[in-house]
Amino acid sequence: MPLNTTTAPPFLTVLVRGLLAGLIAGLLAGTFAYVAGEPHVEAAIAIEEAASHAEPASGGHQHDEALVTRSGQRGGLFLATGLFGAAMGGLLATAYVLLARRRRTDDDGRSGLLLAGAALLGAVIVPFLKYPANPPAVGDPATIDQRTVTYLLMVVLGLVAVWAGSLGYRSVGAQAPLWQRVAAAVGGFLLVTVVSYVVLPSFQEVPTDFPATLLWNFRLASLGTQVVLWTGIGLLFAALMHHDRRRRAAAALPST
Amino acid sequence: MSSSTSSQPLVNPAGTTRLLWTVLATVVALTLLAYLVAFDQGAVSRSGMYLHELMHDGRHLLGVPCH
Ligand SMILES: [Zn+2]
């Protein structure tokens, strides 16, 4: 074994790496969202405003222009993705430390990347296929509480599905051929996912006259934002941990 | 597998308890931060709807239900 681990890095060191990776990845995701998503948000808000002028009686969604201007909201995008990214990076780092005891491999980069991939699949892609992102002007304000709760539930269930997949993978003995282990993983994952999709309610709230291409483009941009975020967190965290490990390994070899 | 795991004892009850509390506090703090960005309507941030509106576009593009 070339690089032997010295002692495991302390929790706070790993946490700072995760927060930093998350902040940078969040800003990258914000940049992507700004370029790829903002035009669609603008277009959707224009539609929303046209609709609210048409029927002023319905309160609809209060985008209080008085409170924050549109350019303020566009700038706030970076604040939102940066903070959200930092929170997610920190949580990833925490999961990394908690799982470190059971980890079989020594390879820090690998498990960080696996965790980010698991989060992308479980907390983003699985919920997205059930409750895709919606631009302004789509969605009934009367159901926002229900939709928020079911969305959060779907995020949790998505993570459970990934966990079920990894249980399935490990439940088949290591001597078994790879295809059997992967089949067990897919089975566990799909079981939880499909049951969740069937049990949780669906919401059809896209106005009939909302442009389909705009909706599609917005959703792609939204999914892309999360993909950039989690790919960035995984790669940056792995890189920082790798750098850290090499430094520690060098420090642990004083004179030999 | 070659030699070194670490010279310290792997199980250190006092240290483990402290670590668990640190981890718990961290998870709570980070969840609160994510909540602030994704869902808060001023109840936690005490900023009225200011932060909520400021991070409006981020919420939509991160895929969180907004309205
Ligand atoms: Zn909105």
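Not measured: the values here are computed from a predicted model. By convention in this document, chain letters (A, B, ...) are assigned in the order of the sequence lines, proteins followed by strands, and residues within each chain are numbered from 1.
- Put simply, CG on B:Leu61 and NE2 on A:His40 are 9.0 Å apart, with the number rounded to the nearest 0.5 Å.
- When all heavy atoms of A:Ala133 and B:Gly63 are compared, the closest pair comes out as CB-CA, 3.5 Å.
- Side-chain atoms of B:His60 and A:Ser222, non-hydrogen and from C-beta on, never get closer than 4.5 Å to each other.
- The heavy-atom pair separating B:Leu62 from A:Tyr151 by the smallest distance is O-OH, 4.5 Å.
- Annotation: the span from A:Asp145 atom CG to B:Phe39 atom CZ amounts to 11.5 Å, rounded to 0.5 Å.
- For the pair B:Gly58 and A:Ala80, the tightest heavy-atom approach, listed with the atom from each and the gap, is CA-CB, 3.9 Å.
- When side chains are defined from C-beta on, A:Leu79 counts as touching B:Met55, because their heavy atoms get closer than 4.5 Å.
- Chain A forms more heavy-atom pairs under 4.5 Å with one residue of B:Thr26, B:Thr22, B:Val37, B:Leu54 than with any other, namely B:Leu54.
- The contact between A:Thr148 and chain B is made by backbone and side chain atoms together, counting heavy-atom distances below 4.5 Å.
- Put simply, CG on B:Asp57 and CZ on A:Phe78 are 10.5 Å apart, with the number rounded to the nearest 0.5 Å.
- With a threshold of 4.5 angstrom between heavy atoms, A:Val138 approaches chain B through N, CA, C or O but not through any side-chain atom.
- No side-chain heavy atom of A:Leu83 sits under 4.5 Å from any side-chain heavy atom of B:Leu36.
- The CG atom of B:Leu30 sits 4.5 Å away from atom CG of A:Leu91, with the distance rounded to the nearest 0.5 Å.
- Put simply, the side chain of B:Cys66 does not reach to within 4.5 Å of the side chain of A:Asn134, judged on heavy atoms.
- Ranked by non-hydrogen atom pairs under 4.5 Å with chain B, the options A:Ala221, A:Gly72, A:Pro135 are led by A:Pro135.
- Within the 4.5 angstrom heavy-atom criterion, no atom of A:Arg219 approaches chain B.
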